[in-house]
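Contents: one structure, followed by commentary.
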Amino acid sequence: MKAVIKYFRDIIVGGWSLVLGYTVTLSEFFKPIITVQYPRVKLEMDPAYRGHIELVKLPGEDGHFCLACGTCERACPSNVIKIQGVKPKAGAGKVGIMYLIDFSRCSLCGLCVDVCPVDALRHSMEYDLAFTSRWDNVIDLVARFNEPQAQERG
Amino acid sequence: MTDGNITSLETEQKISQGLTEQTFWLNMGPQHPATHGVLRVVLHLDGERVVEAEPVIGYIHRGHERMGETRGYAQFIPNNSRMDYLAGLIYNHAYCAAVEKLAGIDVPPRAEYIRCITSELNRLASHLLWLGAYLMDLGAFTPFLYIWEEREKINDILNHVTGSRLTYAYNRFGGVHKDVDDDFISWTRAYVKRQRKRFKMYNRLVTGNVIFQNRTVGVGAITPEQALNYGLTGPCLRACGVEYDIRKKEPYAVYSEVDFDIPTGSNGDAFDRYSVRLAEMEQSLRIIEQCLDRLPGGAYINDNVPQYLAPDSGDVFFAFESPRGETNIFMVSDGSRIPYRMHWKTPSYSNLSILAEIARGQFIADVVSIMGSFDLVIPEIDK
Amino acid sequence: MTSLSASKELIEGLSPVEVHDTDYSKTGSHVDVTIEPDQIRKTAELLNARGYFLEDLTALDRIDYREMAYRFNQYIEPHRITIRAKLDPEDEVDTISDIFAAANWQERECHEFLGVKFKGHPDLRRLLLPEDADFFPLRKDFKVPPEILAPEYHQEDND
């Protein structure tokens with residue numbers, strides 16, 4: 001007899017727990033939808049987002065600040081940066097003319113931005129970069145700096 | 001190979017016809033949704049019962065320990081988040097704390113509180129993902145999608161502070177990379193309030209559910225002696241009844257100044273591991289609130305740390321509490337800019353080694369439930 | 001059971017070569033004991049009987065010798081004992097995997113990364129590396145291909 005009572009009690013208790021679950025899902029059904037239909041609707045990125053690095057352009061200034069000192073190249077853990085610089089004339093400082101980064105190896109750690117002695121680097125906000133060949137990942141930041149319109153996302 | 005006491009009519013007929021039964025090997029292969037990573041479990045099965053289960057690891061071995069010997073101290077910071085991707089900020093924090101211990105660097109109090117708050121947010125995110133993934137292993141698809149909403153909110157808060165959503169390189173030697181602003185504080189407080197209501201919802205939806213109870217109560221019970229023998233730590237150990245949490249036993253950062261409990265279970269089965277983790281999430285909310293109330297002003301980083309750190313020769317052993325258990329960092333320095341040896345002992349490593357013993361005699365479905373309740377993250381096993 | 005005075009007679013019982021009381025806040029362990037490699041089983045049995053559990057088992061390549069480091073700790077009140085043993089590069093050391101089951105996988109990992117041989121281990125196969133690997137990656141004479149070294153390390157190499 002005890003077994004029969006236990007049998008029916010189990011059914012009632014178990015069934016009630018399922019009903020409680022259904023009340024939860026039913027109430028969630030009437031809440032506003034939180035899914036965003038990306039890529040038709042894009043969310044706004046937080047300005048603090050760390051994308052790959054780019055050379056800083058200040059509003060009043062003309063050029064970039066990179067001195068091609070190589071500190072960022074030595075600080076990078078993943079061998080991402082390669083720089084070349086020239087001295088425009090004797091006695092003047094070096095100016096960076098080619099700044100290659102291999103974006104596919106960048107781990108977005110920000111160590112290069114931290115160590116730059118003249119604060120010439122900052123993080124961009126690009127997040128949906130997709131390329132069709134592996135070599136498109138190597139981008140030249142100085143060229144991007146000089147022609148920002150031509151070097152749109154690729 | 002059938003149990004001698006149970007003979008059904010069918011089995012007797014089969015035996016009389018000369019058919020024999022035998023065991024077979026099944027590969028719960030490296031690509032499997034229930035193994036939470038690239039883990040291969042070679043199962044020796046008798047029907048649906050497991051005779052022997054052997055985990056095979058090494059499919060995501062990337063050589064972090066050797067990488068630690070070929071990079072400077074600061075250059076190893078991005079690697080930490082890749083070891084345990086769900087607790088990236090906690091590993092980051094602990095690595096920086098270990099190097100600070102080795103080199104004798106002081107950290108300002110504001111940075112310690114910020115580190116604690118962000119680490120506890122990361123712990124919450126990790127436990128939430130575990131909850132969704134475990135329930136999905138058991139067949140409940142609904143909570144898996146509910147937890148993503150909370151995780152999105154945590155990711156948005158941490159994105160605002162650190163700039164990344166999953167693999168963080170936020171801590172630096174002597175503090176943190178960027179200061180927190182009022183937006184962070186108000187968003188975190190709003191999140192804490194909201195999360196408490198959501199816990200009530202999870203308890204209603206999952207904890208009393210008859211299907212969930214049948215699949216977790218009594219499944220994969222571990223005794224405290226077994227746990228001691230295998231070196232288990234974390235929620236798996238606390239579910240057996242042993243109250244061992246590094247945040248209380250060997251406090252680091254500001255954990256000694258905040259007030260929180262250590263939840264424990266009694267049976268050591270999968271249901272106790274679930275309850276312990278849910279209770280831990282509530283305690284994490286308590287820690288976050290107290291740290292936000294006490295957040296001091298001041299500097300957020302110690303400016304006197306050289307870029308190329310060269311600590312004195314010696315070694316340090318640092319233990320910290322990651323969401324899965326106790327992780328240990330053993331770092332040896334020989335006075336140069338590159339560490340001499342770096343060894344990480346991760347909790348999923350010990351937690352997985354007990355699977356071979358616990359899974360004997362269980363059904364396959366119970367093996368899935370046991371593995372899910374251990375909360376394994378395979379990249380931290382393979383480093 | 002946990003105070004340092006109780007551990008003194010425990011440590012004497014291990015017949016150590018060298019004992020230091022280390023500063024916990026600087027190094028993370030309370031006592032540092034150096035023993036002969038053939039005493040490791042006796043050490044493990046003594047610590048097991050006292051309720052310690054094995055926290056970590058690693059090996060270091062010190063070029064002239066290998067150094068094993070075992071850490072034991074307690075659940076009740078933390079008391080970390082570090083046991084070190086110096087081995088010649090071709091030496092074997094006894095396994096403790098039948099006393100502490102946690103040592104099973106840790107010894108396998110030590111063996112495949114550094115080549116330390118464990119006598120009596122039930123199953124010393126490869127754990128993390130592929131089955132056909134015949135190199136020992138964590139030895140100091142293992143050459144890492146230069147393209148995966150970080151630039152800072154490169155710089156020191158070229159000087």
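Just the heavy atoms: all of them, side chains too, but no hydrogens, waters or symmetry mates, feed the values below. Note that the coordinates shown come from a computational prediction; the quantities given were computed from them, not determined experimentally. Sequence lines set the chain letters: A, B, ... in the order given, protein chains first and strands last, and positions in each chain run from 1.
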Margin query: On the six-membered ring of B:Tyr340, is C:Lys140 placed so that its NZ or CZ lies under 6.0 angstrom from the centre and within 45° of the ring axis?
Written below: yes

When rounded to the nearest 0.5 Å, the distance separating CG of C:Leu128 from CD1 of B:Ile57 is 4.5 Å

Those residues of residues 375-383 of chain B that come under 4.5 Å of chain C on a heavy-atom basis, listed by number, are B:Ile381, B:Asp382, B:Lys383

Looking only at B:Val316, B:Asn229, B:Leu102, most heavy-atom pairs under 4.5 Å shared with chain C are made by B:Asn229

For residues 103-114 of chain C against chain B, heavy atoms under 4.5 Å, the residues are C:Trp105, C:Gln106, C:Glu109, C:Phe113, C:Leu114

Closest non-hydrogen atoms of C:Ala102 and B:Gly231, given as atom of the first, atom of the second and distance, are CB-N, 4.1 Å

Comparing B:Tyr59, B:Phe317, B:Phe330 against chain C, the one with the most heavy-atom pairs below 4.5 Å turns out to be B:Phe317

So, the part of B:Pro224 with a heavy atom under 4.5 Å from chain C: the answer is neither

Bottom line for C:Leu129: the part with an atom under 4.5 Å from chain B's heavy atoms is side chain

Q.
Tell me whether the count of non-hydrogen atoms from other residues, nucleotides or ligands lying under 6.0 Å of CG in B:Asp312 goes above 12.
A. no

With chain C, the option among B:Glu326, B:Glu243, B:Glu65, B:Met67 that has the most non-hydrogen atom pairs under 4.5 Å is B:Glu326

Under 4.5 Å to a heavy atom of chain C? For B:Ser353 that would be both

For B:Ser313, the side-chain contact (heavy atoms from CB on, under 4.5 Å) test, sequence neighbours excluded, returns none

- Just do the side chain to side chain contact (heavy atoms under 4.5 Å, CB included) check on B:Glu250 and C:Arg80 with the steps written out, would you? CA-CA 11 Å; B:Glu250 302 179 40; C:Arg80 194 168 281 129; 2.9 Å; yes

Residues 56-64 of chain C vs chain B, non-hydrogen distance cutoff under 4.5 Å, contacting residues -> C:Asp56, C:Leu57, C:Thr58, C:Ala59, C:Leu60, C:Asp61, C:Arg62, C:Ile63

Output for pair (C:Tyr75 OH, B:Thr233 OG1), nearest 0.5 Å, gives 7.0 Å

d(B:Asn328 CG, C:Arg71 CZ) to nearest 0.5 Å is 8.5 Å

Under 4.5 Å to a heavy atom of chain C? For B:Ala227 that would be backbone

Closest non-hydrogen contact found for C:Pro137 with B:Arg66 is O-CD, 3.4 Å

Per-residue tally against chain C (heavy atom, under 4.5 Å) across B:Ile354, B:Val56, B:Val332 peaks at B:Val332

**Prompt:** Does some side-chain heavy atom of B:Tyr244 sit less than 4.5 Å from a side-chain heavy atom of C:Asn73?
**Reply:** yes

Practice item. Check whether any side-chain N or O of B:Lys249 sits under 3.5 Å from a backbone N or O of C:Ile76 as a donor-acceptor pair, and report yes or no. Key: yes

ask   = Between B:Tyr349 and C:Leu127, is a side chain to side chain contact (heavy atoms under 4.5 Å, CB included) present by the stated rule, with each step listed?
value = CA-CA 11 Å; B:Tyr349 194 79; C:Leu127 190 65; 3.3 Å; yes

